[in-house]
Amino acid sequence: MTVPRGEVFGFLGPNGAGKTTSVKLLLGLARPTSGQAWVLGAPIGDRATRRQLGYLPELFRYQGWLRAREVLGLHCELARLPRAGWGAEVDEALSIVGLAERGDDRVGTFSKGMQQRLGLGVALLGRPQMVFLDEPSSALDPVGRRDVREVIRALKTRGTTVFLNSHLLTEVEQVCDRVAIIDHGRVVALGTLESLLAARVGVRVRATGLDTAARRAMAAHGEVSEAEGWISIAGATPDEVPEIVAGLVAAGAMVYAVEPVHESLEDRFMELLGGGHRTPA
């Protein structure tokens, strides 16, 4: 598995697939029993490289008696950032995550969503070259999730690589350049969203008066199936809709509706994992 620099990369899989273990290995927080990996061109665990990484863990807790600025200042010290730049670092982080007006408030007064924002701010200190985000939107409302998407896009714009773990597949679809889906420690799918979903498009039609000629006209564009009053043509593209409609009308059918069908990332995820009994996490 390779993640190019500057890419927003989605890392997906069900519970127990190995996502958290993989992230800990890449961050140097755990040691592999075998195999090799590199981050930013250096072997995993390299101390100098780790200073170029930002990390938002899924589970974290800051001291409730500290103010948001104090939490960020503490992590500036832990990251050994130049003391003269701490103020600017803290102000920028608070602004990016939408806590500029709450910087002097104690963490104990923050909602879970606000603490999530603060954790994201910690991960951005020092302008890391690569940021690992583990469920960054899990505690946020729709507005907060939108803000996180904007932060991720801003990171991409400035050339930061983002490695994103998330069970919110609709969020992944909106921000990721490529994704990997893993199961039992192995990659089962890897690529751009377009490449993973391209073969699973189609068109569905609601029509009456469908005789053999009409069905033959539809079958010329893909595999035909019928359910709940709709006829689906797997593999047909939106560009083929005019020809499909013309063929149906010529065959004497009455067409009431035509819709393009695009499989979602969630649909593809469940298909790769063999059904609906497993959930992303």
Side-chain angles (χ1 to χ4, degrees), residues 1 7-17 19 135 137-138 142 145-146 148-149 152-153 164-184 186-281:
M1 186 175 66
E7 184 172 82
V8 180
F9 187 84
F11 197 53
L12 313 174
N15 286 326
K19 300 188 306 302
E135 303 291 355
S137 303
S138 61
R145 291 198 294 270
R146 181 201 62 192
V148 169
R149 290 196 300 268
I152 292 174
R153 289 173 180 138
L164 174 64
N165 275 2
S166 179
H167 71 278
L168 299 174
L169 301 186
T170 55
E171 296 292 306
V172 170
E173 284 186 278
Q174 294 187 60
V175 297
C176 290
D177 299 304
R178 292 191 309 140
V179 300
I181 298 175
I182 69 168
D183 191 23
H184 294 96
R186 295 185 178 276
V187 174
V188 296
L190 172 67
T192 64
L193 292 171
E194 291 79 5
S195 66
L196 292 179
L197 303 179
R200 287 158 177 82
V201 299
V203 171
R204 67 175 190 168
V205 179
R206 188 181 291 275
T208 59
L210 298 172
D211 59 12
T212 301
R215 294 183 181 278
R216 189 180 300 117
M218 291 187 292
H221 297 274
E223 183 179 348
V224 177
S225 61
E226 189 168 355
E228 299 179 354
W230 288 91
I231 301 171
S232 297
I233 310 172
T237 67
D239 291 340
E240 295 177 80
V241 168
E243 186 177 347
I244 292 171
V245 172
L248 290 172
V249 172
M254 297 288 291
V255 179
Y256 294 91
V258 182
E259 295 180 355
V261 177
H262 298 279
E263 185 179 52
S264 69
L265 180 58
E266 181 174 357
D267 294 333
R268 182 68 171 131
F269 180 95
M270 301 310 297
E271 178 185 343
L272 286 165
L273 298 182
H277 63 289
R278 310 179 69 184
T279 57

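Given the structure is predicted, the values throughout are model-derived calculations rather than measurements.
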### Task
Walk me through it: do I244 and I233 pass the test side chain to side chain contact (heavy atoms under 4.5 Å, CB included)?
CA-CA 10 Å; I244 292 171; I233 310 172; 4.0 Å; yes
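The salt bridge (charged side-chain N to carboxylate O under 4.0 Å, His left out) test with E226 is passed by exactly one of R204, R215, R206: R215.
With sequence neighbours left out, R149 forms a side chain to side chain contact (heavy atoms under 4.5 Å, CB included) with R145, R146, R153, E171, Q174, V175.
Taking CD from E7 and CG from D177, the interatomic distance works out to 5.0 Å, rounded to the nearest 0.5 Å. Atoms CG and CD1, from L190 and I181 in turn, are 9.5 Å apart once rounded to the nearest 0.5 Å. Atom CG of residue L248 and atom CD1 of residue I231 lie 7.5 Å apart, to the nearest 0.5 angstrom. Taking CD of E135 as the start and NZ of K19 as the end, the distance is 7.5 Å to the nearest 0.5 Å. Note: R216 CZ to D211 CG = 8.5 Å, rounded to the nearest 0.5 Å. A distance of 7.0 Å separates CG of L12 from SG of C176, quoted to the nearest 0.5 Å.
Within 6.0 Å of the CD atom in E243, the count of heavy atoms belonging to other residues, nucleotides or ligands does not exceed 12.
Contact annotation: the side chain of V203 never approaches that of E240 to less than 4.5 Å [non-hydrogen atoms, C-beta and beyond].
Taking all atoms of both residues into account, the shortest heavy-atom contact from V187 to M1 is CG2-SD, 4.3 Å. When all heavy atoms of A253 and A214 are compared, the closest pair comes out as CB-CB, 4.5 Å.
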